[in-house]
Amino acid sequence: MTAQEAQVEVTAVESAHRRAARRHRVLVHLTQLAVLVVVLGGWQLTVQDNPRSVILYGVPSGILGRLTTWVTEGTAIGSLGDQIATTLEEALIGFAIGTALGIVCGVALGRVRFLSEVFGPFIKVLNAIPRIVLGAVFVLAFGLGIESKILLVIVLVFFGVFFNAFQGTREVDRNFIANAGILGASRWQVTSQVVLPSAFTWIIASLHVSFGFALIGAIVGEFLGATSGLGVLIKQAEGTFDANGVWAAMVIMAVVALAAEWLITRLENRLLRWRPAQLAGPDL
Amino acid sequence: MRAEKSPPAIELRRVTKRFTTDSGAPYTALRDLDLTVDEGEFCAVVGPTGCGKSTTLTLVSGLERPSAGSVAVHGRPVDGITPGVGFMFQTDAILPWKSVVDNVSAGPRFRGVPKKEALESARDWIRRVGLAGFEDRFPHQLSGGMRKRVALAQNLINEPRVILMDEPFSALDVQTRAKMSDELLALWDLTRPAVVFVTHDLEEAIALADTVVVLTAGPAATIKARFRVDLPRPRVVQEIRFDPRFLDIYHQIWDALRTEVDIAYSQSTRLDDDRRAS
Ligand SMILES: Nc1ncnc2c1ncn2[C@@H]1O[C@H](COP(=O)(O)OP(=O)(O)OP(=O)(O)O)[C@@H](O)[C@H]1O
Ligand SMILES: [Mg+2]
């Protein structure tokens, strides 16, 4: 067999593999579609003929109708875009501040023994409080505007990021730190170029969960008292026995959460480019 | 009056190192160890596993302090990480999130050399250790031998006057190892820093070094004997093994080393027996 023939053979095998992979993907997507059709169709069929059930549980066609009116005519409390923008603003600002604070405090306490000895107990106590309750305090203290929601989001996001940053800092391979020290790194350079990149694996893992918390914080804050936002929309729909409205708002939140998840995964792939490719296996 | 002799590159005097083990009991790894390495001397350290070879290196580098005794580099007592010392660790310690060129240029960058200059000299060193073309790879994309080369370049770029090497080539296959040993000798010959080279492999030790130091089995290890290797340089590692003088030296050192290896081995099997008994 000449080299060229071997080459042809390899590409033939490769393209067969690729075709098989494509068939596999199509099969997966078709099955997913079937699952959706069965679930939504079943829901629609069991509920639609019973007006009481339609009101109590909502119905897919009604949810779709509600979403369409919101987009075309706006909601009872203003345009849909404004509601989404308010909630997103609260979630994003709070998420950014909470994450930054979490990383700074986590790395500082992980690096400086004195700090962790002093503040460790305080943080444990604060973490033990059901923090969502603080939302009520913040609304009372800071009013119905976005500030109280941002505060609640910060509090919810901070701890998750903090504990991961702290743990990530403690788990840095001692050899890397020793090596950087030998090469002439100062303590600060060790922190920024050895500890932080190494801890990023841990920190980024916490961001996925934390963004969920950020959305929850913003919505709950709006429940507790606000003039606009998706939380207000949900509360209002609930108050008027509009199950379709609650579902519709949830669909919107799911889309926002998925978009954020996608962005965080992009960031992760960028920052953790240096890692070997993940082991093959099912991925969610 | 005699002219004052310049101090040796490394001087350990009556050094003792105790560790506190997890159970709280102290473990004496080294006791009353004396070791002197002159400027430009290539010193190999051999000894049974767990006797304290790596510990000795961490004491010289300043990563650890002795429990008793004194450590000096170029006549200056060691307190904290010693400047001008390079250290190739037993396990990979190059930074996995930095590319090859960023790893090699890390030392100069840490010390404030402008980026452009640091990268330039890093490329130079990458070429010298035979990694040209791999500048932008991440460590996980390299073979074990290539990672060792990166570690070597990363240290040599700082032009250390003392280099500590902890079994740098032990994970490599025999051929790669011989080749890297030759390259190491060639690079060492350029600036002739003092080297302490820890190895399990007596042949490697003799082929590379001016002096071979044999440590006793732990605990409380110390220097058992010190041998001069007066084989001519430049040497070719693969070929020098057939030199009759090489064999002669090998037998001498092996006599000293064997008893220690036997002691270490009987200790470890006795520990196993104890464990099985309890
Ligand atoms: N941080 C530590 N705490 C407790 N004991 C330690 C510590 N570091 C080393 N030791 C002990 O000191 C002894 C010497 O260890 P060292 O790593 O120097 O051995 P070594 O000669 O380099 O062995 P090897 O050839 O296997 O690398 C060992 O018995 C080890 O268990
Ligand atoms: Mg060792």
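So that the names make sense, note that chain A is the first sequence line, chain B the second, and so on, each numbered from 1. Here the structure is a predicted model, which is why all the values come from computation and not from measurement.
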Legend entry - Under 4.5 Å from a heavy atom of chain A, the part of B/Q90 involved: neither

Legend entry - Beyond-backbone contact of A/L134 with A/L151, side-chain heavy atoms, under 4.5 angstrom: no

Inset, instruction - Measure B/R109 against the heavy atoms of chain A and call it side chain, backbone, both or neither at under 4.5 Å. - result: backbone

Inset, instruction - Would you indicate whether B/R13, at its atom CZ, is surrounded by more than 12 heavy atoms from other residues, nucleotides or ligands within a distance under 6.0 Å? - result: no

Inset, instruction - Would you check if the distance from the ring center of A/W188 to the ring center of B/F110 is below 6.0 Å? - result: no

Inset, instruction - Indicate whether the side chain of A/N175 and that of B/T91 have a donor and an acceptor atom separated by less than 3.5 Å. - result: yes

Legend entry - Region of B/F89 in contact with chain A, defined by heavy-atom distances below 4.5 Å: side chain

Inset, instruction - Sort out for me which of B/N155, B/I94, B/I157 touches chain A most, counting heavy-atom pairs under 4.5 Å. - result: B/I94

Legend entry - Donor on one side chain, acceptor on other, A/H17 and A/E14, under 3.5 Å: no

Inset, instruction - Name the option with the most non-hydrogen atom pairs under 4.5 Å to chain A; the candidates are B/P139, B/P96, B/G107, B/P108. - result: B/P96

